[in-house]
Amino acid sequence: MGYPFHEIEHKWQAFWAKKQTFKAQELNDKPKYYVLDMFPYPSGAGLHVGHPLGYIASDIVTRYKRHKGFNVLHPQGYDSFGLPAEQYAIQTGQHPAITTKANIKRYREQLDRLGFSFDWSREVRTSDPAYYRWTQWIFSLLFDSWYDTDKNKARPINELIRIIEQAGTSDINALCDDDTPALSANAWKKLKPHEQQAYLLYYRLTYLAETEVNWCPALGTVLANDEVVQGVSERGGHPVERKKMKQWSMRISAYADRLLQGLNDIDWPEPLKEMQRNWIGKSIGASVRFQIENSTKEIEVFTTRPDTLFGVTFLTLAPEHDWVDELTTAAQKEAVSSYVRQSAQRSERDRMSEVSKITGVFTGAYAHHPITNEKVPIWIGDYVLAGYGTGAVMAVPCGDQRDFDFATHFNIPIKNIFKDVDISKAAHVAKENTVMAQSDFLDGLSYEEATIKVIEQLTQSGMGEGAVTYRLRDAVFSRQRYWGEPIPVYYVNDQPQLIDEAYLPLILPEVSKYLPTEDGAPPLGNATDWAWDTQQNRVVSNDLIDYKTVFPLEKNTMPGWAGSSWYFNRYMDPHNQEVFASKEALNYWKEVDLYLGGSEHATGHLLYARFWQYFLYDMGLVPVQNFAKKLINQGMILGESAFAYRLKDSQTFLSKGLCSGKEVVPVHVDVSLVSHQNELDVAAVKKWQPHFADATFELENGKFIVGREVEKMSKSKYNVVNPDAICYQYGADTLRMYEMFLGPVEQAKPWNTAGISGVYNFLNKYWRLFHQENTFSLNDTPASKEALKILHKTIEKVTQDIEQFSLNTSVSSFMIATNELTALKCTNREILEPLTVLLAPFAPHICEELWALMGHKESISTVPYPVADPQHLQEDTKEYPISFNGKLRFTLPLGTALSKDEIEVAVMQDDRTQTYLDGKTPIKVIVVPNKIVNIVI
RNA sequence: GCUCGAGUGGUGGAAUUGGUAGACACGUUGGACUUAAAAUCCAAUGAGCAGUAAUGUUCGUGCGGGUUCAAGUCCCGCCUCGAGUACCA
């Protein structure tokens, strides 16, 4: 029989809740520490054993830091806007707010059972108007800002207007739309107000523009690039098309370089930083302009290999390039327009799956080489993407494999510009150790030299210059969905106008249907009261729209990542009605010290949050540029799915051993019906789902054995393990320690309860250290030397482990200590009291109970953390290695006359290498303190 | 294709800057307690060889080389698995 964990856990969870033990103190003199988990999306399925992994780890650090005397902020909340709640609403007609609330309640119950020390008084929910008021407010700020390249920061749009009014746009260096027209001060003044508004959209950090977006017809909404994975939607896996639509976008591209550079200042996992670097995708190269024959126009291309300029034998434009129509000669008109039409119809996914298929068409037009003035044909090919660079490339078949393939396919000449390189079979892509040839003034130069020289030449002649391009695109910010933050904008003369911040939040209206309307308008088009009265500053009925004082409101809502891009700041001061967080709170808590979450957010949430934080910093609203100093990605806990094998076209299932040579279909079965030995409970399966009821099960050796496979935990795979069941059987403390014991937090691993008894046994053993014959008793006499050594060794090890986030090995340390103390029959208070404090972050319930039994009145979480005393840590340094009468290992060359026994060496502990004489022979002694000694003669 | 990780007993996994590989746990085997079982406790457990035994000894961290007195750890070349990304010019 084990220790009474049920009773203990209920008791202390109630105690913590009642006493508000974990409420973060406001702004006191203690050093602060902010531990944050990525807040969960409360789905209908509830928690599975994979979710708490990160929460357990962060809770251990949190409790540890509290013991260490830090004022710790450890909040939790819910990312409660999002697609699944809405899909559920569409299917059932239930308001998402209701299902979300129910899901949150369930999550909270499950979280509470695990004994987390969250400060729930600071809970935030992104779908709460008191919260999204500030999300809308940040949107307004972004709308009212532009990016000044000279100052390298965002500035208020009013300052831009003032500059334009005085001097026009000629002196402005801004990160704005590529095709922003230049304006003089006079021209600006002549614009009508709504034209001025339209013009400012070129500069605003959130702007409305006709852009190519990822349109997902099945979901009825557009998606950001990071929500599209391999041509299909991340959620649901529906096909995604490219479509031109008028959408809100966030000018994240303005921050591309800072987002890239900033990675050097934060302690985040290298793989995650690498993912962000790739996503930002900085390329350094040159812009080159090619004059079109018989035209004043120039085609601008971007290349990372300006050194290969003399190898250009044609240009290729993307089919969507703006000048395609204009360029095409009459003779080629038909071929070109049919090709353009064709490639527009090909979906993104087709284009990806048919990568190797070479297609293209000649426009009939030519351009002039910027240096040689030679005529180069202009082609169209869909291997060139409209969205990257300028949507046009200079093709160098000898140096680029795609250009090579294209040229070969269409019989375009290939010019070799590399000395002594064979390009008959493939392009020469490598740039190192190559010497230029047939390249006029570049002949004989290396790649680096040629690059510099050619850019110099182009700059001089005005035909090009060095250039940098990013892969990072502006983030589409509109969603044609219901369950999201309304965008606080109404339209006057089709131009967006902000709702004054005094009248925020703009509350999500009730609608009759959550689906988009028939005419394709977002669900908010179903709202009857969705117009803005500019006199009364409130939402009124659509019937009152007169375009004089009452105007239509924006019908799109914000994407899921809006609310999560700044929530870490709100936790610092969650109930503030005046500002999103007070200056005092922001200056005290500053940034997250430790952030835990999954790496799947690398190019979504984590990039957007960095972007918003930079912006808020530019506006002087937050004191630090980086919102999270250190980040750890916890690995996913995977499920071990179980399969029964159905004989094809039959209702017969075969035990695993009987399948070889037969055609079988694996079918998921519920893992809870399978034993550790992979034996399926056939009777239970027949009851479980009707289609198994009449099936036949062929056994082997009287058993039905299932196949196993590790997969992501998911309801549909019937491999979900619920933490409630584990808590019931073993208790929360065991679950907490077991999840840590399973392996490094960062590592993905399959859930397997096989080893849980080891951790459970440990807690029982620990309990028994304090209990003889079920009675609590401790010994107040001084502890033995051995016991003290065990204690201090454990303090040292566990402290180091937590600091280095190696929580699995600290669990081992506790087990070793407990085993050793049991063997010593140690029951001394002097040992067990500090040891219990040490264990409290890992197993808080049992430690609170023992702490109380020891006669303490206060919660153990307020007790100072024990410190290792070096006096008790001294290893057996007296005999080893200072004197060598113990074991020694020698490495002696063959034929050495000395026998091992004859050698006596004295060694200084500090010296690593010394030379000694044993009479005649000089010997080299390499010493590593406390380690092995090798002697070479 | 490119980028980044990772390969250690039957299993999960330990191993500071290169310094006694396999901590700790599961599992397995044997034993104690018990009428019996559960629970608990004790012992053994990388592989091989020699020995009644204590013990000795060889091989062992995906494969092949290298550096070093010393390599799981560093270097070079492969193989396998995982993650991310992909006509990015």
Side-chain angles (χ1 to χ4, degrees), chain A residues 1-2 229-231 269-279 281-283 285 288 301-305 308 315-316 318 351-352 354-359 381-385 387-396 399-403 405-406 429 469-473 599-600 602-603 633 635-636 676 710 738 741-744 746-750 752-759 761-762 764-765 768 797 800 804 806 808-819 822-823 881 887-893 912-913 924-937:
Chain A
M1 216 182 52
V229 179
Q230 296 182 337
E270 204 44 52
L272 188 142
K273 289 193 193 178
E274 197 59 31
M275 277 163 75
Q276 292 207 345
R277 282 189 200 109
N278 288 339
W279 191 261
K282 183 176 185 173
S283 302
V288 185
V301 301
F302 174 76
T303 175
T304 53
R305 295 291 304 275
T308 62
L315 301 181
T316 314
R351 234 163 122 159
M352 272 187 209
E354 298 170 311
V355 162
S356 53
K357 203 166 146 188
I358 298 165
T359 64
D382 68 0
Y383 78 96
V384 178
L385 302 178
Y388 182 76
T390 59
V393 301
M394 58 176 227
V396 184
D400 183 286
Q401 193 56 45
R402 288 155 311 170
D403 296 343
D405 294 340
F406 196 85
V429 181
T469 307
Y470 296 91
R471 199 187 80 109
L472 183 70
R473 308 256 66 86
S599 59
E600 66 271 21
T603 52
N633 289 130
M636 205 187 311
H676 283 320
V710 172
Y738 183 59
F741 185 68
L742 222 43
E746 296 92 330
Q747 194 175 301
K749 53 218 154 219
N752 179 354
T753 45
I756 200 166
S757 63
V759 173
N761 287 346
F762 153 71
N764 277 310
K765 263 189 222 176
R768 282 198 299 271
K797 182 70 170 55
Q800 261 178 33
Q804 289 163 14
S806 166
N808 53 332
T809 51
S810 32
V811 178
S812 295
S813 303
F814 283 118
M815 290 179 176
I816 295 168
T818 306
N819 286 341
T822 305
K887 276 188 204 169
L888 270 181
R889 183 171 291 189
F890 296 89
T891 308
L892 296 169
R912 286 213 144 206
T913 305
K924 191 184 174 202
V925 183
I926 296 142
V927 182
V928 178
N930 299 318
K931 298 291 177 183
I932 203 157
V933 176
N934 295 323
I935 298 179
V936 183
I937 301 186

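Naming: A, B, ... by sequence-line order, numbering from 1 per chain.
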Engineer: Shorter than 3.5 Å, N or O on both sides, protein versus nucleotides 22-27 of chain B: list them out with atom names.
Structural biologist:
residue, atom, partner, partner atom, Å
B:A25, OP1, A:Asn819, ND2, 3.0
B:C26, O2', A:Ala754, O, 3.3

Engineer: Which is true for A:Pro744 with a 4.0 Å heavy-atom rule: it touches a base, it touches only sugar-phosphate, or it touches nothing?
Structural biologist: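 Touches sugar-phosphate only.
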
Engineer: With a 4.0 Å cutoff (strictly under), does any side-chain N or O of A:Gln747 reach OP1 or OP2 of B:G13?
Structural biologist: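 Affirmative; the distance criterion is met.
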
Engineer: From CD of A:Gln276 over to P of B:U85, roughly how many Å is that when rounded to an integer?
Structural biologist: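 Atom-to-atom, A:Gln276 to B:U85, this comes out as 12 Å.
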
Engineer: Can you check whether A:Arg402 has a side-chain N or O nearer than 4.0 Å to OP1 or OP2 of B:C88?
Structural biologist: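 A:Arg402 to B:C88 OP1/OP2: side-chain N or O found under 4.0 Å.
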
Engineer: Is there a donor-acceptor pair under 3.5 Å between the side chain of A:Gln276 and the backbone N or O of A:Ala602?
Structural biologist: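 Answer holds: yes.
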
Engineer: Once you round it to whole Å, what is the distance between C1' of B:G13 and OH of A:Tyr738?
Structural biologist: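 Distance check: A:Tyr738 OH to B:G13 C1' gives 11 Å.
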
Engineer: Partners of A:Thr469 by side chain to side chain donor-acceptor pair (under 3.5 Å), sequence neighbours excluded?
Structural biologist: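 Here no residue qualifies.
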
Engineer: Within less than 4.0 Å of OP1 or OP2 of B:C88, is there a side-chain N or O belonging to A:Thr304?
Structural biologist: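 Answer no for this pair, as no side-chain N or O of A:Thr304 is under 4.0 Å from OP1 or OP2.
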
Engineer: Mind checking the C1' distance from B:C63 to B:U80? Whole angstroms is fine.
Structural biologist: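 To the nearest whole Å, 10 Å.
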
Engineer: With a 3.5 angstrom cut-off on both distances, give the Watson-Crick or G-U wobble partner of B:G77, or none if there isn't one.
Structural biologist: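 B:G77 is paired, partner B:C63.
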
Engineer: Using the side-chain contact (heavy atoms from CB on, under 4.5 Å) criterion, which residues pair with A:Asn278? Sequence neighbours excluded.
Structural biologist: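 For A:Asn278, the residues satisfying side-chain contact (heavy atoms from CB on, under 4.5 Å) (neighbours in sequence not counted) are A:Glu274.
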
Engineer: Taking the side chain as everything from C-beta on, heavy atoms only, tell me whether A:Tyr470 gets closer than 4.5 Å to A:Ser283.
Structural biologist: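 SC-SC contact between A:Tyr470 and A:Ser283 ruled out.
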
Engineer: Nearest of B:U40, B:C4, B:G84 to any side-chain atom of A:Met275?
Structural biologist: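 Nearest to the side-chain atoms of A:Met275, counting from C-beta on, is B:G84.
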
Engineer: Rounded to whole angstrom units, what separation is found between the CG atom of A:Leu385 and the C1' atom of B:U85?
Structural biologist: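 Taking CG of A:Leu385 and C1' of B:U85, I get 14 Å after rounding.
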
Engineer: Using a cut-off of strictly less than 4.0 Å, decide whether A:Arg471 has a side-chain nitrogen or oxygen near OP1 or OP2 of B:A89.
Structural biologist: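 Negative; the distance criterion is not met.
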
Engineer: Check whether any side-chain N or O of A:Tyr383 sits under 4.0 Å from OP1 or OP2 of B:A89, and answer yes or no.
Structural biologist: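 No, A:Tyr383 has no side-chain N/O under 4.0 Å of OP1/OP2 on B:A89.
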
Engineer: Take the protein atom CG of A:Asn633 and the nucleotide atom P of B:A6, then report the distance between them rounded to whole Å.
Structural biologist: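 For the pair A:Asn633 CG and B:A6 P, the rounded distance is 14 Å.
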
Engineer: Under 3.5 Å for both donor-acceptor distances, Watson-Crick or wobble: does B:U68 have a partner, and if so which one?
Structural biologist: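 Matched B:U68 with nothing under the 3.5 Å cut-off.
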
Engineer: Looking at B:G84, which nucleotide sits across from it as a Watson-Crick or G-U wobble partner, both distances under 3.5 angstrom, or is there none?
Structural biologist: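 Across any shown strand, B:G84 pairs with B:C2.
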
Engineer: Does a side-chain N or O from A:Arg768 land closer than 4.0 Å to OP1 or OP2 of B:C41, or not?
Structural biologist: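 Checking A:Arg768 against B:C41: at least one side-chain N or O falls below 4.0 Å of OP1 or OP2.
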
Engineer: Nearest 0.5 Å please: distance from the CG atom of A:Leu472 over to the CZ atom of A:Arg277.
Structural biologist: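 Reported to 0.5 Å precision, the distance equals 14.5 Å.
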
Engineer: Nearest whole angstrom, please: distance from the C1' of B:G13 to the CG of A:Asn752.
Structural biologist: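 Rounded to whole Å, this separation is 12 Å.
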
Engineer: Under a 3.5 Å cut-off for both distances, is B:A50 Watson-Crick or wobble paired, and to whom?
Structural biologist: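 Result: B:U55.
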
Engineer: Could you check whether any side-chain N or O of A:Lys797 sits under 3.5 Å from a backbone N or O of A:Phe814, counting only pairs where one atom can act as donor and the other as acceptor?
Structural biologist: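 Absent.
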
Engineer: I need the CD-P distance between A:Gln401 and B:C88, as an integer number of Å.
Structural biologist: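 To the nearest whole Å, that distance equals 12 Å.
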
Engineer: If you measure only the distance, is there a donor-acceptor pair under 3.5 Å linking the side chains of A:Asp405 and A:Tyr383?
Structural biologist: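 No - no donor-acceptor pair under 3.5 Å links their side chains.
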
Engineer: If pairing requires Watson-Crick or G-U wobble contacts with both distances under 3.5 Å, which nucleotide is the partner of B:G27?
Structural biologist: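 WC or wobble partner is B:U45.
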
Engineer: Identify, between A:Gln804 and A:Tyr388, the residue whose nearest nucleotide on RNA chain B lies closer to the 5' end.
Structural biologist: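 The answer here is A:Gln804.
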
Engineer: CD of A:Glu270 versus P of B:U3: gap in Å, rounded?
Structural biologist: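 My rounded result for the distance is 15 Å.
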
Engineer: Does any donor atom in the side chain of A:Ser806 or A:Thr809 lie under 3.5 Å from an acceptor atom in the other side chain?
Structural biologist: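 Looking only at side-chain atoms, A:Thr809 and A:Ser806 do form a donor-acceptor pair, the distance falling under 3.5 Å.
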
Engineer: In whole Å, I'd like the distance from the CG atom of A:Asn278 to the P atom of B:U3.
Structural biologist: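 Nearest whole value for this atom pair: 10 Å.
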
